[in-house]
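Accompanying notes for the structure given below.
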Amino acid sequence: MNSYRIPEIAKQYTNYDMIQNHTDLPGFPEFRTRLLFAFLNGSPVKNNTSELFALVTSLVQLGLDTHDQVSISNDVKEKKAARSRQLKVLAGDYFSSRFYHLLAEAGQIELVKQLSNAICEVNRLKMNLYMKMKQLKCSAEEYIHQSVAIKAQLFLSYTGLLDKMYEQAWPDMLQGFTECEVIFEELFRMESDADFRESWGFWYILQNGSKEERKQLQTAELDSFKIKTLLHKYNISSQLYQMLDSQIKQLYTKVQKLDSDKLISELFHIGQPFLRHLSKPKLLEEI
C-alpha cells in the first residue's frame, strides 16, 4: 500500500447524505496527513501500517476540527441551524470514535493510548489559547506558535514510532509544514470579515495599532470597510505573503538535507500548493 489515497478511503466515513445535506464539514487535513504518510511509508518497519495510521489520525483530526465549528451557544432557534449544530457534534464524535475501532481491530492498542493522550494535549492547548484570546492577551507571534502546536500535536505522536533516520527529522518537518499551512490559511481568512477577530491580522493590529484602533478592536463591532482599511494600513496581506515565502524557503533548505531522495521528492511535492500560491498575482496585496 504505497500509493497515497487516504482522502478517498476517508470518504467512506465522512460521505453521509445526512451530513452533506444539513451541515458543512471542515477541510480534510491534507498537508499533515500526506506528510505523515510519506514518513511512515518510507520507514521499512512501518510501511505496512502507513495507510492505517495516516487514516485514523486524519479522522481524529477531522473530528476535533468538526467540534471546533460547533457554536458555543446552544440558543439556536432556527430549525436548520439547530440541526446543523447537532450534526456537527455527532459527526465529530463519530469521526473520533473510528480511530478506536480501526486500531483495536488491527491490534494497535498502544497507538490508541498515544493518540488519546495527544487528544487531551490538543484540548489543553486549545483552552490555553482560547483564554488568552478571550482576555485579549495573545500576541500575533504567539497566535501563530500556538496554532501550529495545536495542529501538529496529534501527528507528533508518531515521533517514537519512526525509524532512527526519520525520527529526528519528523518533528522539525512537521513544525515547518504546519507553520506554512497556518500562514496559508491566514491568507484566506483575510477574505472573511466574520473570521477577522480570530485572525493573525487582528492580533497584529491589536499589538501594533494606535490607541484608538486598539480601543475599537476591543470594544466595537467593526464593519467591513473599517476591517479592510485596517488590513490595508498595516499591510497584513503583504506581511503574510512574506512570512509564507520565508518559511517555505527555510523549510526546503532543511528538506534538501534529508538522506532519502524519495522522501525529498515527496516533501517538495507536498509543498507545491504553497509555492503556487506565492507565484499568483497578489490581487489583495496592499500598495
Quick check: does any side chain N or O of [X] sit under 3.5 Å from a backbone N or O of [Y], one acting as donor and the other as acceptor?
X	Y	answer
Tyr166	Gly42	yes
Asp223	Phe225	yes
Thr33	Pro29	yes
Asn235	Ser238	no
Thr178	Gln175	no
Ser157	Leu154	yes
Arg32	Lys151	yes
Ser246	Gln242	no
Ser279	Arg276	yes

Calculate, to the nearest 0.5 Å, the distance between atoms [atom1] and [atom2] belonging to [X] and [Y] respectively.
X	Y	atom1	atom2	result
Leu59	Thr14	CG	OG1	8.0 Å
Ile150	Leu64	CD1	CG	10.5 Å
Leu111	Tyr158	CG	OH	4.5 Å
Glu105	Leu103	CD	CG	10.0 Å
Thr229	Tyr234	OG1	OH	11.5 Å
Ile264	Tyr252	CD1	OH	12.0 Å

Is it true that [X] and [Y] make a salt bridge, defined as a side-chain N closer than 4.0 Å to a carboxylate O?
X	Y	value
Lys88	Asp24	no
Lys164	Glu167	yes
Lys233	Glu213	yes
Arg124	Glu121	yes

Sequence neighbours left out, what passes ring-ring contact (aromatic ring centres under 6.0 Å, His included) with Phe155? Give chain and number order.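 ring-ring contact (aromatic ring centres under 6.0 Å, His included) list for Phe155, sorted by chain: empty.
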
Would Phe39 and Ser50 count as a side-chain contact (heavy atoms from CB on, under 4.5 Å) here? Give the steps. CA-CA 8 Å; Phe39 271 82; Ser50 57; over 6 Å; no

Once side chain to side chain donor-acceptor pair (under 3.5 Å) is applied, what residue pairs with a partner in residues 198-208 remain, sequence neighbours excluded?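 Residue pairs with at least one partner in residues 198-208: Tyr204-Gln239.
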
For Ile6 and Arg34, what are the C-alpha separation, side-chain angles and deciding distance, and is it a side-chain contact (heavy atoms from CB on, under 4.5 Å)? CA-CA 8 Å; Ile6 308 303; Arg34 187 156 197 167; over 6 Å; no

Side chains of Glu186 and Tyr143: is there a donor and an acceptor less than 3.5 Å apart?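 Per modelled atom types, Glu186 and Tyr143 side chains form a pair under 3.5 Å.
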
Qualifying ring pair (Phe, Tyr, Trp, His ring centres under 6.0 Å) pairs with a residue from residues 180-199, counting only residues at least two apart or across chains: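 Found Phe184-Phe188, Phe184-Phe274, Phe184-His277, Phe188-His277, Phe196-Phe202.
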
Determine whether Asp68 and Lys126 satisfy the following criterion, side-chain contact (heavy atoms from CB on, under 4.5 Å), listing intermediate values before the conclusion. CA-CA 10 Å; Asp68 285 344; Lys126 284 180 181 178; 2.8 Å; yes

Leu230/Lys226 under side-chain contact (heavy atoms from CB on, under 4.5 Å): CA gap, chis, key distance, verdict: CA-CA 6 Å; Leu230 289 172; Lys226 183 61 176 178; 4.3 Å; yes

